[in-house]
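The structure appears right after this line, and notes come after that.
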Amino acid sequence: MSEHKPTDVTQEQAEEAVRTLLRWAGEDPQREGLLDTPRRVVKAYRDWFSGYQIDPGEYLRRTFKEVAGYDEMVVLRDIEFESHCEHHMAPIIGRAHVGYLPTNRVVGISKLARVVDAYARRFQVQEKMTAEIARCIQENLHPVGVAVVVDASHECMTTRGVHKRGVSMITSQMLGSFRDDARTRAEFLDFIGISRGGR
Ligand SMILES: [Zn+2]
């Protein structure tokens with residue numbers, strides 16, 4: 001399944017859109033300090049939204065290792081990410097914690113971080129991103145279970161709207177044994193430092 005999304009928007013059209021927003025805000029895009037801004041913004045967008053060019057499952061399909069015998073939980077916590085909310089195109093800054101209970105396939109921990117990044121570098125809703133990461137691991141590694149917890153702050157909430165700083169949102173998606181077995185779930189939450197009933 002390729003998730004590559006071709007685009008018919010040229011670089012020049014994207015830069016013109018930035019000039020339009022500058023004019024709309026009351027600026028003169030021809031002012032010297034702003035001349036290169038559209039080019040820089042489009043370049044930054046290429047980086048922030050590079051996830052559309054990536055099929056995250058590829059990281060897991062290509063690089064898993066068979067490790068018959070290892071049947072304990074693998075947990076990667078505090079995976080820092082930057083994303084953007086699809087409602088305001090404002091940054092979402094946070095951390096993801098990922099755990100799975102392997103059958104006989106494990107991946108290098110950097111691959112899990114890459115999966116998080118690939119989904120983060122798109123326009124997102126935190127709940128959707130949490131579920132997407134879990135489903136990608138489930139479908140590609142076929143573990144006994146997957147757990148994903150995302151803890152993030154949304155700049156559309158901290159810098160505008162209700163202006164609440166220091167507020168973070170926590171979402172979780174538990175699949176397989178993490179959903180069905182309270183002890184497995186509790187062990188994972190303990191690993192990442194969120195204890196049962198602690199909130
Ligand atoms: Zn938002």
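Ligands are counted one by one from 1 in listed order, and the atoms in each one are counted from 1 as well.
Note on ring orientation: taking the six-membered ring where Trp is involved, the planes of F188 and F178 are perpendicular (angle over 60°, cut-offs 30° and 60°).
To the nearest 10 degrees, the angle centred on the Zn ion (ligand 1) between SG in C156 and SG in C85 reads 120°.
Taking 2.8 Å as the criterion, H154 does not count as a coordinating residue of the Zn ion (ligand 1), since none of its N, O or S atoms falls below it.
We find that D28 and R23 are not joined by a salt bridge, their nearest charged nitrogen and carboxylate oxygen being 4.0 Å or further apart. A salt bridge is defined here as a Lys NZ or Arg NE, NH1 or NH2 lying under 4.0 Å from an Asp or Glu carboxylate O, and D180 with R185 fails to meet this definition.
If you run side chain to side chain contact (heavy atoms under 4.5 Å, CB included) between R95 and each of I79, V149, D78, only D78 comes through.
Per residue H88, closest N, O or S atom to the Zn ion (ligand 1): atom name ND1.
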